[in-house]
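Every value quoted in this text rests on a predicted model; they were computed, and no experiment measured them.
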There are 2 protein chains.
Amino acid sequence: MSSTLNPLFQHFETYIPLSTPLRQELESRIRIRSFKKGQLLHDAKYVCSESHFIQKGLVRVFFEKDGKEISEYFSAEGEWVNSPRSFMQQQQDIYSIDALEDTDTYCLQVRDLIYLFDHFPEMDRYSRLTMGILFGHFMERITSMRFTTAKEKYEHFRSVYHDICHRLPLGMIASYLGITQETLSRIRAEK
Amino acid sequence: MSSTLNPLFQHFETYIPLSTPLRQELESRIRIRSFKKGQLLHDAKYVCSESHFIQKGLVRVFFEKDGKEISEYFSAEGEWVNSPRSFMQQQQDIYSIDALEDTDTYCLQVRDLIYLFDHFPEMDRYSRLTMGILFGHFMERITSMRFTTAKEKYEHFRSVYHDICHRLPLGMIASYLGITQETLSRIRAEK
DNA sequence: AGTAGTTTTTGATCCATATCAAATAATCGC
DNA sequence: GCGATTATTTGATATGGATCAAAAACTACT
């Protein structure tokens, strides 16, 4: 019963029971991939056709604005990452994804995911439950972005991204928060 | 085949085919409710146990901060509204919901929704698809809130909430955007 | 219709944070 | 390990929007 996909299976099982047929389909459709630090998991030039479950490592979803790279969010071990609208609606979008550390992923093609959705109704349930959680995070992020000082934004960030905070360069955190790196640097300095 | 629930049925059918049994369950579980302008659909004092599909009207999801009411978002005809985390996790949360106009809703209890999720797998699919759309809106909102001037925030708001913008008092829009009403008033004045 | 309450506008001032500039520190490739 | 590139810190200045205050314009209730 042992599989290299164990971490992924465990993840699924916190939301739905994994039947043997579903397990087998995942087994046959998921491909293990590795990315060196700095490598792109997805380039905004293309439509996003695959989703990655991160087994080890850290990635950044970002886009360009006025020649600067803005972090949209970060994903680490145990999370899926893709360019959401591009992946779900198979159209271009502004986001690229790169590895901030050497990263290993379980990679699923959109056509395979569609197959799974069509043949395993529990995948819809899985999706509903995980999206519900993301939903809550989004609301919190939006709230923490209005009526807050730069310092409060940073403190909220530290509480949410507690364990990966120190793995991220300052400039990327600043652009995630919508503040300049100079301001963030001063906030860090003052205590 | 005519039902007072027709608008709701039509909404569902843009995402999933509605089987007769599901239709009947909805028929028997959904209750029509009316709220006068100013009335609360949900009070933050309680756990949110019902979700409303708005047939006619306009509501606001808001919370209190420093004695002021902050708008989290607005919902109008053809949308579901509840206090998301409170409703989904059956715990208290900060949000209340009030009617900004006289409002008619189709009201579904959380226990009935759970019943539907447990007996009609297509409800999971419905939920996955609709949440996916919300997801996109959230991302856009977050982006439009960083690195933008108050004016750009307002312009983005107008494009998203195009048809209900004029039905909302200025102060509520300002708190939604995270700017003061004085600033919004000046933005409106200048052109 | 008239008064009280609420919402919006207008004005004056102030402050948090952006911007610009340059020095220092860290990281990377050879 | 050493220069080159990239990231962070520090300083000086500018500014968008907050805050405070009060007038004007709406709304609603009796």
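- Crowding of A/K65 atom NZ: a count of heavy atoms from other residues, nucleotides or ligands under 6.0 Å exceeding 12.
- Residues satisfying the salt bridge (Lys or Arg N to Asp or Glu O under 4.0 Å) criterion with A/E140, sequence neighbours excluded, are B/R85.
- Taking Ile, Leu, Val, Met, Phe, Trp and Tyr as hydrophobic and joining them when side-chain heavy atoms fall under 4.5 Å apart, one finds B/V47 isolated, its cluster having no other members.
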Where protein sits on nucleotides 23-30 of chain D, one letter per nucleotide: B base, S sugar-phosphate only, - none, heavy atoms under 4.0 Å: -----S--
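- Remark: P of C/dG29 and NZ of A/K36 are 12 Å apart, rounded to the nearest angstrom.
- Residue pairs that meet the ring pair (Phe, Tyr, Trp, His ring centres under 6.0 Å) test with at least one member in residues 122-147 of chain B, sequence neighbours left out, are A/F135-B/F138, A/F138-B/F135, A/F138-B/F138, B/H11-B/Y126, B/F12-B/Y126, B/Y15-B/Y126.
- As a member of the Ile/Leu/Val/Met/Phe/Trp/Tyr network built from side-chain separations under 4.5 Å, A/Y46 groups with nothing else and remains a singleton.
- Using five terminal pairs a side, the axes of the helix from C/dA1-D/dT30 to C/dC30-D/dG1 at its two ends make an angle of 60°, given in steps of 10 degrees.
- Contacts classified as salt bridge (Lys or Arg N to Asp or Glu O under 4.0 Å) and involving residues 128-139 of chain B (residues at least two apart or in different chains) are given here: A/D124-B/R128.
- B/H52 pairs by the ring-ring contact (aromatic ring centres under 6.0 Å, His included) definition with B/F35, not counting sequence neighbours.
- Applying the salt bridge (Lys or Arg N to Asp or Glu O under 4.0 Å) test to B/E122 and every residue at least two apart in sequence or in another chain returns nothing.
- Residues that satisfy the ring-ring contact (aromatic ring centres under 6.0 Å, His included) test with B/F74, not counting sequence neighbours, are B/Y161, B/Y176.
- A/R31 meets the salt bridge (Lys or Arg N to Asp or Glu O under 4.0 Å) test with no other residue; sequence neighbours excluded.
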Using a 4.0 Å heavy-atom cut-off, write out nucleotides 7-22 of chain C from 5' to 3' as B (base contacted by protein), S (sugar-phosphate only) or - (no contact). -BBBBB----SSBB--
